[in-house]
Structures are given as structure tokens and as C-alpha cells.
Amino acid sequence: MPDGREVNRFTLRNAHGMTATVCEFGAVLVSLEMPDRHGQVADLTLGYDSLEGWLGNTSYLGATVGRFGNRIRDGKFSLDGNTYQLATNNTPGGIPCHLHGGVKGFDRVLWKGEVRDNSVIFRYLSPDGEEGYPGNLDVTVTYTLTEENELLWEAKAVTDAPTIVNLVHHTYWNLSGDPRQSINDHFLQINADHFLPTDAGLIPTGERAVVAGTPMDFTTPRLIGERVNADFEALHLAGGYDHCWVLRAGDGMRLAASLFHPPTGRKMEVFTDQPAVQCYGGNFLDGSILGKNGHSYAHRTGLCLETENFPDAPNQPSFPSATLRPGEVYQHKMIHRFTTEPTV
Ligand code: BGC
């Protein structure tokens with residue numbers, strides 16, 4: 001690190017040609033390599049070649065985002081009669097809000113990593129008042145690569161004072177393995193009948209809108225590019241897909257979304273225990289990031305599938321609670337399951 005602290009990275013491998021590399025800075029997923037249907041191995045994630053690159057990662061590539069993933073209106077919330085002001089580090093439509101944990105969120109801190117079997121466990125102690133959040137928060141994030149070709153990301157947190165938590169994993173996926181290609185030719189399916197419309201500041205209005213009959217309907221697999229430029233208010237406001245889909249109700253782990261790239265046959269299914277998934281189609285990528293192998297990341301060359309609680313939940317009583325109290329354990333599990341499909 002610039003201040004001399006050591007940074008470690010770890011590579012997990014399985015017997016099927018998959019590798020996952022993770023790093024203590026930001027608890028990021030540095031890369032995920034996987035064969036296509038012909039055995040051709042490629043890295044399916046956007047990122048950087050060196051720590052210097054990751055230190056300048058302002059687009060949350062591969063990151064563990066916290067304490068609160070996505071946006072909080074005006075960067076303000078109240079809890080037990082106290083009002084807290086967080087950093088307003090994002091201004092969609094010229095309207096300031098809090099995004100992804102603030103100026104120095106969990107994506108920009110140094111975690112401590114430890115190897116256990118086929119897992120790496122990262123730990124970070126976030127002090128009371130960090131980025132304006134109350135309570136000392138003790139956070140662990142565990143990455144596991146299984147012999148079933150699954151990458152697990154599991155987050156846990158405990159606090160010593162009432163606070164809010166919504167930890168999110170923010171990898172940008174491109175199943176082609178070539179980040180110069182758009183994700184518009186990927187098929188996406190989302191297990192959701194409703195999405196959360198936003199205002200111009202990309203904060204949910206509180207409405208749960210029906211997806212049926214709109215370009216937000218991914219209840220069956222659809223090409224991302226097919227309707228991304230449709231004349232539809234939600235797409236205009238966000239510049240494409242960048243919304244929270246409310247997952248069909250259910251208990252425990254369930255399918256949130258699946259992504260399929262026909263030319264390579266690669267498929268990724270995302271399972272979660274969370275109530276929602278943010279699908280962000282890389283609309284803000286504009287070629288200015290110089291990523292791995294000297295490639296710059298152009299518009300819509302990565303898709304984030306961020307399982308989560310609803311954005312702005314602390315300010316919206318009709319949304320699931322994001323409050324964590326002493327004695328409780330915040331838990332969030334996501335499984336990325338990789339397969340290949342034969343040529344059809
Ligand atoms: C959000 C986008 C935001 C992006 C930043 C996503 O999770 O939904 O609105 O611009 O993160 O990289």
C-alpha cells in the first residue's frame with residue numbers, strides 16, 4: 001500500500017480448470033477464469049493488472065461494497081430517533097446521494113485475509129463513525145471455490161450499536177471472456193415479477209412496478225441488447241438497465257438471475273438469500289478505465305448482478321429493514337454456479 005502495509009492476494013483452484021483470485025484490498029474478486037464449451041479458458045471479470053490499478057478503482061470493479069450498497073437519499077437516515085448524515089459521493093441527474101458506502105467504502109479499505117481449505121476469509125473492523133455510520137462493525141467476507149464449479153461469496157457482520165448494513169458483491173461479468181465485446185449479446189433471466197422504479201436521482205420512488213409487458217420483463221431469458229434502448233421511462237432515467245428487481249418470495253437460497261453467452265456456451269446462475277438483485281449493465285462505463293491487458297472498458301461491456309436489500313431501505317418503511325442491532329448477525333450468501341451448454 002502507499003503507506004507501506006502489505007497486501008496479499010490468493011488464488012483458489014478446482015480440478016475443472018477454474019481459478020478465482022481474490023485480494024485483501026477491497027476484498028475484491030481480481031479474476032475468475034473458466035473454460036468455455038471447447039475448453040478455452042478465459043477471465044470473465046473486469047478489473048486491473050496491478051495493485052496500482054485497484055487503488056484507483058472508482059467503479060467498484062469486483063468489489064465488496066459496504067456498509068450500504070447502492071443509494072441512500074440525501075445520504076441521510078434516522079435510527080432510534082437519531083439522524084445520521086453520510087457522505088454524498090454521487091450525483092445522478094445532479095441530485096446528491098450516498099452511494100456504495102461513501103468516499104472510502106469497504107471497496108477501498110485493506111482487509112485481512114486467511115486461507116481455510118478451499119476458502120479465503122477476509123475480515124475488516126469498521127470503526128464507529130466511519131463514513132458517518134454508527135457502531136463498530138465486525139465484518140467477514142468468505143470466498144469459496146467448489147468442485148461443483150461454484151464461486152461462493154458470503155458476508156457476515158455484527159455491531160455493538162444499532163446501525164444499517166447492506167453488503168454487496170460488485171463484479172462486472174462478461175462471459176465472452178473478451179471485455180472488448182458488449183454484454184448486449186448475453187441472455188439474461190431474472191426471477192422477479194416486479195422492479196423498483198426510481199426518480200431522476202436513481203432513488204426508488206417506493207413503488208413496486210410489474211415487469212410484465214415492459215422491457216424490464218426477464219422472467220424468461222431475453223437478450224440484454226434487445227430492449228435496452230427501448231422508449232421506456234425507467235431506462236431513460238438510468239441510461240439502460242440499472243435497477244433493483246424484487247425477487248419472487250421464498251425462503252433461503254433461491255435463483256436470482258442467470259446469464260448465458262451462446263457463442264461460448266458459458267452460463268452463470270446466481271443464487272441468493274437476499275430479497276432483491278440490482279442488475280447494472282455498465283451504462284456508466286465510457287472507455288476511460290484502463291483495465292487488464294491494456295483493454296479499456298467501453299459502454300456496456302460488463303454486467304453486475306448484485307444481490308441485495310432494497311436501495312434506500314433505511315428511509316422507506318415499506319422496504320425490508322436494513323437495521324442491524326447488537327446481538328444480531330447480518331448474513332448474506334450468494335452462489336455463482338458456472339456451467340457450459342453444448343452448441344444448439
Ligand atoms: C449502481 C450504479 C452505479 C454503479 C457504480 C451500481 O451498483 O447500480 O448506478 O453507477 O454501481 O459502479
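No hydrogens, no waters, no symmetry mates; every other heavy atom, side chains included, goes into these values. Since the structure is predicted, the reported quantities are computational estimates derived from the model, not experimental observations.
- Heavy-atom minimum distance, Thr91 versus Pro96: CG2-CA, 3.7 Å.
- How far CD1 of Ile203 is from CG of Leu196: 11.5 Å, rounded to the nearest 0.5 Å.
- The number of heavy atoms from other shown groups lying within 6.0 Å of CG (Asp3) is above 12.
- Counting heavy atoms from C-beta outward, Leu188 and Arg222 have side chains that stay 4.5 Å or more apart.
- Checked by atom type and distance alone, the side chain of Arg337 never pairs as donor or acceptor with a backbone atom of Met268 at under 3.5 Å.
- Closest non-hydrogen pair, Pro92 versus Arg71, comes out as CG-NE, 3.5 Å.
- For the residue pair Gln278 and Pro311, the shortest heavy atom distance occurs at OE1-CG, 3.8 Å.
- Using modelled atom types, one finds no donor on one side chain facing an acceptor on the other under 3.5 Å when comparing Glu154 with Thr142.
- A distance-only check finds a donor-acceptor pair linking the side chain of Gln189 to the backbone of Thr219 [under 3.5 Å].
- Taken together through direct or relayed side-chain contacts under 4.5 Å among Ile, Leu, Val, Met, Phe, Trp and Tyr, Tyr133 and Val109 form parts of separate hydrophobic clusters.
- Val228 and Leu223 fall into different hydrophobic clusters, where Ile, Leu, Val, Met, Phe, Trp and Tyr are joined by side-chain heavy atoms under 4.5 Å apart, directly or via other members.
- Under the 4.5 Å side-chain heavy-atom criterion for grouping Ile, Leu, Val, Met, Phe, Trp and Tyr, Phe284 is not connected to Ile224 through any hydrophobic cluster.
- There is no path of hydrophobic side-chain contacts, each under 4.5 Å, that joins Leu324 to Leu125.
- Note that Arg227 lies in the cation-pi zone of Phe218, set by a 6.0 Å cut-off to the ring centre and a 45° limit from the axis.
- Counting heavy atoms from C-beta outward, Tyr297 and Leu61 have side chains that approach closer than 4.5 Å.
- Closest approach of Met34 and Arg266 over heavy atoms only: O-NH2, 3.1 Å.
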- [ ] Please lay out, stage by stage, how Ile72 and Asn315 fare under the test side-chain contact (heavy atoms from CB on, under 4.5 Å).
- [x] CA-CA 8 Å; Ile72 296 178; Asn315 292 315; 3.6 Å; yes

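- Grouping the Ile, Leu, Val, Met, Phe, Trp and Tyr side chains by contacts below 4.5 angstrom, directly or via other members, places Met334 with Met18.
- By the salt bridge (Lys or Arg N to Asp or Glu O under 4.0 Å) test, Asp178 is found to be paired with Arg180, residues two or more places apart in sequence or in another chain being considered.
- At a threshold of 4.5 Å between non-hydrogen side-chain atoms, the residues Asp80 and Arg325 count as touching.
- Judged purely by distance below 3.5 Å, without hydrogens or angles, the side chains of Ser78 and Thr83 pair a donor atom with an acceptor atom.
- Ser119 and Asp117 share no side-chain donor-acceptor pair at under 3.5 Å.
- Between the side chain of Asn309 and the backbone N or O of Asn166 there is no donor-acceptor pair closer than 3.5 Å.
- Test Trp245, Phe319, Phe195, Phe68 against Phe310 for ring pair (Phe, Tyr, Trp, His ring centres under 6.0 Å) and you get one pass: Phe319.
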- [ ] Take Val210 and His194 through the side-chain contact (heavy atoms from CB on, under 4.5 Å) test and state the conclusion after the steps.
- [x] CA-CA 5 Å; Val210 170; His194 298 87; 3.8 Å; yes

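- A donor atom on one side chain and an acceptor atom on the other are found under 3.5 Å apart for Asp160 and Asn136.
- Atom CZ of Arg9 has 12 or fewer neighbouring heavy atoms from other residues, nucleotides or ligands inside a 6.0 Å radius.
- Two residues are said to be in side-chain contact when any heavy atoms from C-beta on lie closer than 4.5 Å; Asn70 and Cys244 fail this criterion.
- Applying the 6.0 Å contact sphere to NZ of Lys156 captures no more than 12 heavy atoms from other residues, nucleotides or ligands.
- For the pair Thr163 (side chain) and Pro134 (backbone), a donor-acceptor distance under 3.5 Å is present.
- The CG atom of Asp43 lies 7.5 Å from the CG atom of Leu32; values are rounded to the nearest 0.5 Å.
- Ring pair Phe106/Trp111 is perpendicular by interplanar angle, where above 60° counts as perpendicular and below 30° as parallel.
- For the pair Leu86 and Lys76, the minimum side-chain heavy-atom distance is 4.5 Å or more.
- The distance from atom CG of Leu305 to atom NE2 of His170, rounded to the nearest 0.5 Å, is 10.5 Å.
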- [ ] Evaluate the side-chain contact (heavy atoms from CB on, under 4.5 Å) criterion for residues Val158 and Asp138: first the C-alpha distance (whole Å), next the side-chain angles of each, then the deciding distance (0.1 Å), finally the verdict.
- [x] CA-CA 5 Å; Val158 291; Asp138 186 345; 3.8 Å; yes

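- No side-chain heavy atom of Thr272 sits under 4.5 Å from any side-chain heavy atom of Val277.
- Two residues are said to be in side-chain contact when any heavy atoms from C-beta on lie closer than 4.5 Å; Thr64 and Tyr143 meet this criterion.
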- [ ] Please test Ser31 against Thr45 for side-chain hydrogen bond (donor to acceptor under 3.5 Å, both in side chains), starting from the C-alpha separation and ending with a verdict.
- [x] CA-CA 6 Å; Ser31 63; Thr45 68; 5.6 Å; no

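- Within the 3.5 Å criterion, the main-chain N or O of Leu145 finds a donor-acceptor partner in the side chain of Asn118.
- For the atom pair Asn184 CG and Tyr241 OH, the distance stands at 9.5 Å (nearest 0.5 Å).
- Within the 3.5 Å criterion, the main-chain N or O of Val65 finds no donor-acceptor partner in the side chain of Glu306.
- By the 4.5 Å heavy-atom criterion applied to side chains, Cys23 and Val7 are counted as neighbours.
- Judged by distance alone, the side chain of Arg123 and the main-chain N or O of Glu114 form no donor-acceptor pair under 3.5 Å.
- Distance check, rounded to the nearest 0.5 Å: CD of Glu130 to NZ of Lys104 gives 7.0 Å.
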- [ ] Using the side-chain contact (heavy atoms from CB on, under 4.5 Å) rule, take Val120 and Leu12 through it: C-alpha gap first, then chi angles, then the decisive distance, then the call.
- [x] CA-CA 8 Å; Val120 179; Leu12 301 163; 4.0 Å; yes

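- The aromatic ring centroids of His336 and Trp173 lie less than 6.0 Å from each other.
- When atom types are taken as modelled, the side chain of Asn57 and the backbone of Asp107 share no donor-acceptor pair closer than 3.5 angstrom.
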Task: Chi angles and distances behind the side-chain hydrogen bond (donor to acceptor under 3.5 Å, both in side chains) call for Asn283, Arg300 - done: CA-CA 5 Å; Asn283 308 304; Arg300 299 182 182 152; 3.0 Å; yes

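- Here Glu308 pairs with nothing under the salt bridge (Lys or Arg N to Asp or Glu O under 4.0 Å) rule; sequence neighbours left out.
- Nearest heavy atom pair, residue Tyr280 against residue Leu285, reads OH-N, 4.2 Å.
- Of the possible donor and acceptor atoms, none in the side chain of Asn191 sits under 3.5 Å from a partner among the backbone N and O of Ala256.
- Comment: Glu24 engages Lys112 in a salt bridge, judged by a side-chain N to carboxylate O separation of less than 4.0 angstrom.
- Of all the heavy atoms in Glu147 and His16, the pair that sits closest is O-NE2, 3.0 Å.
- Distance check, rounded to the nearest 0.5 Å: OG1 of Thr307 to CH2 of Trp153 gives 6.5 Å.
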TODO: Please report the C-alpha distance between His98 and Tyr84 in whole Å, then the side-chain angles of each, then the deciding distance to 0.1 Å, and finally whether the ring-ring contact (aromatic ring centres under 6.0 Å, His included) criterion is met.
DONE: CA-CA 12 Å; His98 181 79; Tyr84 298 94; over 10 Å; no

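- Using modelled atom types, one finds no donor on one side chain facing an acceptor on the other under 3.5 Å when comparing Asp74 with Gln85.
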